[in-house]
Amino acid sequence: MSRLPTPDLTHGDAGALYSEGFGDIYYSPDDGLAETRHVFIEGNELGARLGRGRLVVGELGFGTGLNVLALLAKAKGAPVDVFSVEGFPLPREEFVATQKRIAERWPEIAPYAERLAEIYPDPVPGFVRLEIAEGQSLTLAFGPVLEQLRTAEFKADAWFLDGFAPSKNPDMWSPEVMAEIARLTEKGGTAATFSVAGAVRQSLETAGFSWEKIPGFGRKKHMLRARLEEYADRPDPRPWFIPPSPALQGPVAIVGCGIAGATVARALKSAGREVVIYDPEPASGASGNPGGLVMPRLDAEDNAIARFYRDAFLYAERFYRGLDGVLDPCGGEKEMAKAKAESVLANGLWPDSVLSFSNGLMHVPRGGVLRPAEAITQLADGIEVRRETVSLSSLPADAATVIFASGSGFEAHQYEALERKLGQIDLFDTPVPNRVRTGDHYAAPLAERLLTGATYDPFEGGHIEVSAERTAINRQKAEDLLGAPIGASVSARSAVRLNTSDRHPIAGPLYAAPEELASAWSGLAKGQQKDYPPATYAHYALTGLGSRGLVTAPILAAHVAAQITGGVSPLARDQMDLVHPGRFMVRAIKRGKLSP
Ligand SMILES: Cc1cc2nc3c(=O)[nH]c(=O)nc-3n(C[C@H](O)[C@H](O)[C@H](O)COP(=O)(O)OP(=O)(O)OC[C@H]3O[C@@H](n4cnc5c(N)ncnc54)[C@H](O)[C@@H]3O)c2cc1C
């Protein structure tokens with residue numbers, strides 16, 4: 001179980017917020033904003049660096065978010081990705097109250113404070129990805145600083161080192177932390193801090209930074225500006241999953257306009273990239289269903305899988321609410337045995353506002369019903385969709401990067417035995433539930449009807465048809481679930497899901513020459529420990545979304561888009577590896593099933 005510690009707060013005069021635990025103030029209500037601007041914005045010389053392409057900023061010590069607010073005000077809408085670590089996050093209520101005070105004190109940053117107050121989550125351990133505005137994201141990493149940095153994969157242009165003072169919070173400034181900061185910094189990237197403590201200078205220097213003392217703010221004589229001179233990348237312990245180098249330029253072709261293609265197209269377009277979607281019949285696959293559930297998968301353990309599905313649900317729910325009326329936020333409940341429910345609630349991953357259990361039901365007030373085809377229309381708005389089929393042997397000549405998001409039409413499988421499963425949903429006229437109910441089937445409201453499904457059968461190819469037999473199954477299951485007779489059949493739809501053997505999605509880069517890599521890594525079959533060459537990549541995939549694609553597509557799209565644009569992924573490294581397209585091939589080699 002991994003609950004986050006809450007900060008021990010007191011309020012001083014004139015709205016000052018103190019951490020009793022660290023014996024320090026968060027910011028000065030007198031000149032806190034001016035100090036932030038001096039130390040972090042000017043300290044990193046961001047005035048001249050913002051607006052020249054995407055800027056990635058890392059931060060230690062998110063606190064009240066004041067530094068991020070100052071950054072957003074300076075950016076004036078320019079693309080920026082912020083990654084900020086906080087070990088003792090303010091509870092949501094406290095954060096919202098603080099933003100209100102900040103907005104009153106400094107009206108010039110009030111719009112940004114209002115936006116942060118709107119999107120700040122109930123803190124949960126791990127990464128929480130928030131979209132601030134078009135092209136601007138904030139990834140909050142809640143938990144111990146070293147642990148959070150070690151799971152991150154990005155290259156920052158600038159860092160705000162803003163932990164409580166080294167004398168009060170040495171963990172934030174340790175040599176190990178600074179080594180991680182160096183790993184996560186672009187060569188020539190900068191870091192700024194109010195502290196000039198000898199230990200901080202030493203840690204920065206050992207990590208590969210040069211530093212200079214520059215005038216500090218107010219009565220502080222000095223502060224530090226550091227620059228990454230040299231960083232010798234440590235060999236990646238899992239070179240087969242090494243993150244790809246970003247493809248910073250050129251148009252991106254997206255194959256498929258289902259929920260996967262549409263979400264990744266939107267994410268790239270928001271990041272300022274030129275995008276073309278190819279699909280002979282947009283939203284004709286699984287995402288063409290009239291309705292689908294946005295409900296969480298609930299795991300008893302705390303591991304990468306549980307965190308991935310939690311993050312996917314929380315992100316999807318926020319994401320779809322940001323579109324225009326595509327999500328019915330009716331809430332939902334899931335039948336669950338008491339022992340399992342207790343384990344889920346005890347794992348520390350879920351905020352109380354998201355899950356509660358009573359009478360054999362796990363209540364999910366933020367669950368809902370999505371109209372996926374409508375979501376796709378909105379997401380693809382303003383993006384060119386060419387009604388063409390694309391295959392591996394006929395890639396668009398003008399695309400610098402290709403993303404395969406072709407659902408069950410995916411062919412670049414690289415040693416994975418994918419399975420296609422036929423599913424059918426049915427609409428009946430009554431009874432119309434007022435929220436989602438799930439067991440081994442589901443019943444949900446959709447446009448004044450009862451939506452129920454979904455059947456699950458092997459698909460061997462051929463024509464996809466609705467069957468009366470499956471309608472009868474859906475009717476019976478809905479009746480069992482709701483304990484009430486089901487009315488007249490209104491309509492039905494069948495479609496095909498693409499499943500992977502481990503049931504997790506595929507999102508990330510595809511190997512450029514899988515046969516060569518398989519040969520280079522063949523020692524894995526015998527467990528040989530040696531320096532294996534890192535993976536090389538061509539193209540990307542976002543598919544294999546199985547039965548949960550409506551929930552997982554938005555966060556996976558943000559992940560793939562970040563890999564292409566050099567932004568910050570919403571996924572921690574173990575989650576990236578979980579969904580890496582190469583995992584099946586690596587597994588096959590390790591099991592001796594793939595000999596060169
Ligand atoms: C019956 C059923 C019920 C479901 N219920 C839920 C639910 O309640 N909640 C949930 O989260 N998920 C649910 N799912 C799963 C979810 O619908 C899918 O995971 C998701 O829609 C897959 O999206 P996709 O974009 O990967 O694929 P698709 O939606 O299948 O889209 C693929 C697109 O690619 C195009 N394409 C294919 N090949 C090519 C090519 N060579 N060139 C160009 N274009 C190509 C196709 O025309 C299609 O438009 C359900 C699935 C089914 C079948």
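Values below: every heavy atom of this structure, side chains too, minus hydrogens, waters and symmetry copies. Atoms within each ligand, like the ligands themselves, are counted from 1 in listed order.
- Ring planes of Tyr537 and Tyr511: parallel class, angle under 30° (limits at 30 and 60°).
- Close approach of ligand 1 to Val255 (heavy-atom distance below 4.0 Å) involves ligand atoms 40 (C), 42 (N), 43 (C).
- Listed by number with element, the atoms of ligand 1 under 4.0 angstrom from any heavy atom of Ala495 are 53 (C).
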Identify every side-chain donor-acceptor pair in residues 549-563 under 3.5 Å, counting partners at least two apart or on other chains, and give the distances.
unit_1: Thr552; atom_1: OG1; unit_2: Arg548; atom_2: O; d: 3.2
unit_1: His559; atom_1: ND1; unit_2: Ser569; atom_2: OG; d: 2.8

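- Contact atoms of ligand 1 toward Thr389: 40 (C), 41 (N), 42 (N), 43 (C) (distance under 4.0 Å to a heavy atom of the residue).
- Closest heavy-atom approach to atom 39 (C) of ligand 1 among the candidates Gly453, Ser406, Ala454: Ser406.
- Exactly one residue among Arg470, Arg420, Lys421 makes a salt bridge (Lys or Arg N to Asp or Glu O under 4.0 Å) with Asp457. That residue is Arg470.
- Applying the salt bridge (charged side-chain N to carboxylate O under 4.0 Å, His left out) test to pairs two or more places apart or on separate chains, none has a residue in residues 258-286.
- Each of the following atoms of ligand 1 lies closer than 4.0 Å to a heavy atom of Glu281: 47 (O), 49 (O).
- A distance of 10.5 Å separates CG in Leu248 from CZ in Arg54, rounded to the nearest 0.5 Å.
- Every atom of ligand 1 with a heavy atom of Ser287 under 4.0 Å away is listed here by number and element: 20 (C), 21 (O), 22 (C), 23 (O), 24 (P), 25 (O), 28 (P), 29 (O).
- Listed by number with element, the atoms of ligand 1 under 4.0 Å from a non-hydrogen atom of Glu388 are 43 (C).
- A salt bridge links Asp440 to Lys477: at least one charged side-chain nitrogen sits closer than 4.0 Å to a carboxylate oxygen.
- Counting heavy atoms closer than 4.0 Å to ligand 1, residue Ser547 contributes backbone atoms (N, CA, C, O) but none from C-beta onward.
- Taking the ring centroids of Phe83 and Phe154, they lie under the 6.0 Å cut-off.
- Contacts of Glu411 with ligand 1, taken as heavy-atom pairs under 4.0 Å, are absent altogether.
- Distances below 4.0 Å separate heavy atoms of Gly292 from the following atoms of ligand 1: 8 (O).
- Residue contacts with ligand 1, taken as heavy atom pairs separated by less than 4.0 Å, do not involve Leu542 at all.
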